[in-house]
Amino acid sequence: MGRNTYEIMAGYWPSADHPSAKAMNEIPKVVFSRTLTSANDWRETRIARGDTAEEIAKLKAEPGRDLVAAGGTDFIHSLIKLSVVDEYRLWVLPAVTGKGAALFPELDQAVRLRLVSSNAFPSGILELVYVPADK
């Protein structure tokens with residue numbers, strides 16, 4: 001996650017009375033920041049200060065399960081531009097607000113995607129899972 005998202009989440013989850021709090025506090029987390037001086041506010045968190053693409057490659061090489069990117073649009077846009085996203089999980093909610101940040105920034109070239117699964121929930125929410133078409 002990016003620094004801004006980390007600061008918001010670290011202000012909530014460590015003391016949250018929520019069914020997901022235990023999992024959120026125990027899962028390993030990485031904050032991508034060149035300005036954050038410590039991540040002691042939330043256990044199992046470390047800071048990645050190096051080149052983002054190189055740091056992502058190191059994380060992918062570690063044992064374990066999938067990496068999940070959580071963050072604001074600036075962080076997600078940086079990952080898309082670096083071509084390090086292996087899977088896009090898009091949730092379409094049954095509401096139109098007419099405003100908000102663009103999900104996909106202006107890119108130098110189109111990112112072709114291939115739909116690998118979809119799920120419609122009773123609430124009307126759609127989950128669409130795509131992978132880059134060349135993978």
Side-chain angles (χ1 to χ4, degrees):
M1 68 187 81
R3 181 188 52 83
N4 290 334
T5 298
Y6 165 76
E7 289 175 342
I8 292 166
M9 293 177 81
Y12 175 75
W13 286 110
S15 61
D17 181 21
H18 187 280
S20 298
K22 185 175 190 290
M24 290 296 292
N25 291 322
E26 291 178 358
I27 193 168
K29 296 164 283 292
V30 179
V31 181
F32 288 79
S33 175
R34 290 185 179 91
T35 59
L36 194 64
T37 57
S38 108
N40 297 332
D41 298 339
W42 198 8
R43 68 180 170 191
E44 293 297 324
T45 304
R46 68 183 197 237
I47 301 172
R49 297 190 195 304
D51 175 81
T52 301
E54 290 175 11
E55 294 284 356
I56 296 287
K58 288 180 197 174
L59 288 169
K60 286 182 175 183
E62 291 179 7
R65 298 193 56 200
D66 296 334
L67 301 175
V68 175
T73 55
D74 288 344
F75 180 63
I76 302 303
H77 291 172
S78 72
L79 299 179
I80 293 168
K81 287 182 178 182
L82 291 169
S83 299
V84 296
V85 179
D86 296 321
E87 181 178 275
Y88 294 81
R89 289 185 172 262
L90 306 178
W91 289 57
V92 180
L93 281 63
V96 179
T97 63
K99 60 183 176 182
L103 180 58
F104 299 102
E106 292 183 29
L107 298 171
D108 297 332
Q109 60 185 18
V111 177
R112 302 275 180 219
L113 303 174
R114 178 174 48 88
L115 182 67
V116 293
S117 70
S118 63
N119 189 16
F121 295 95
S123 64
I125 294 173
L126 296 176
E127 178 190 41
L128 306 170
V129 181
Y130 292 91
V131 296
D134 60 351
K135 292 192 178 184

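Side-chain atoms are counted along with the backbone in the values below, which use heavy atoms only and exclude waters and symmetry mates.
In this view, Arg34 satisfies the side chain to side chain contact (heavy atoms under 4.5 Å, CB included) rule with no residue, not counting sequence neighbours. Not a single salt bridge (Lys or Arg N to Asp or Glu O under 4.0 Å) links Asp74 to another residue, sequence neighbours left out. Listed by chain and residue number, nothing satisfies the salt bridge (Lys or Arg N to Asp or Glu O under 4.0 Å) test with Glu44 (two or more places apart in sequence, or in another chain). The salt bridge (Lys or Arg N to Asp or Glu O under 4.0 Å) check on Glu7 picks up Arg3, with sequence neighbours excluded. The salt bridge (Lys or Arg N to Asp or Glu O under 4.0 Å) search around Glu54 returns none, not counting sequence neighbours. Lys58 pairs by the side-chain hydrogen bond (donor to acceptor under 3.5 Å, both in side chains) definition with nothing, not counting sequence neighbours.
Residues Leu59 and Ile47 do not share a hydrophobic cluster, defined by chaining ILVMFWY side chains whose heavy atoms lie under 4.5 Å apart. One hydrophobic cluster holds both Met24 and Val31 under the rule that ILVMFWY side chains link at heavy-atom gaps under 4.5 Å. Note on Ile27 and Tyr12: separate hydrophobic clusters, where clusters join Ile, Leu, Val, Met, Phe, Trp and Tyr whose side-chain heavy atoms are under 4.5 Å apart, directly or indirectly. A continuous path of hydrophobic side-chain contacts links Leu90 to Leu79 [ILVMFWY only; heavy atoms under 4.5 Å]. When the side chains of ILVMFWY residues are joined at heavy-atom separations under 4.5 Å, either directly or via intervening members, Ile76 and Met1 end up in two distinct hydrophobic clusters.
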Run the side chain to side chain contact (heavy atoms under 4.5 Å, CB included) test on Leu67 and Lys60 for me, step by step, so that the C-alpha distance in whole Å, both residues' side-chain angles and the decisive distance to 0.1 Å come before the verdict.
CA-CA 7 Å; Leu67 301 175; Lys60 286 182 175 183; 3.7 Å; yes
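Taking all atoms of both residues into account, the shortest heavy-atom contact from Leu126 to Ala120 is CD2-CB, 3.6 Å. Residue Ser123 comes nearest to Pro94 through the heavy atom pair O-CG, 3.7 Å, listed as atom of the first residue, atom of the second, then distance. Nearest approach of Ser33 to Thr35, heavy atoms of both residues: OG-N, 3.1 Å. Of all non-hydrogen atoms in Trp42 and Pro14, the two that sit nearest each other are CD1-CG, 3.6 Å. When every heavy atom of Glu55 is checked against every heavy atom of Arg49, the shortest pair comes out as OE2-N, 3.9 Å. Across all their heavy atoms, Val30 and Ala48 have their closest contact at CG1-CB, 3.7 Å.
With Tyr88 as the fixed residue, the side chain to side chain contact (heavy atoms under 4.5 Å, CB included) test singles out one of Val131, Leu128, Ile80, Val129: Ile80.
One finds the OG1 atom of Thr45 at 8.5 Å from the CG atom of Asn25 (value rounded to the nearest 0.5 Å). Taking CG from Leu36 and CG from Asp41, the interatomic distance works out to 8.0 Å, rounded to the nearest 0.5 Å. Expressed to the nearest 0.5 Å, how far CE of Met9 lies from NZ of Lys29 amounts to 8.5 Å. For the atom pair Tyr6 OH and Phe75 CZ, the distance stands at 14.5 Å (nearest 0.5 Å). The CG atom of Leu82 sits 8.0 Å away from atom CD1 of Ile56, with the distance rounded to the nearest 0.5 Å.
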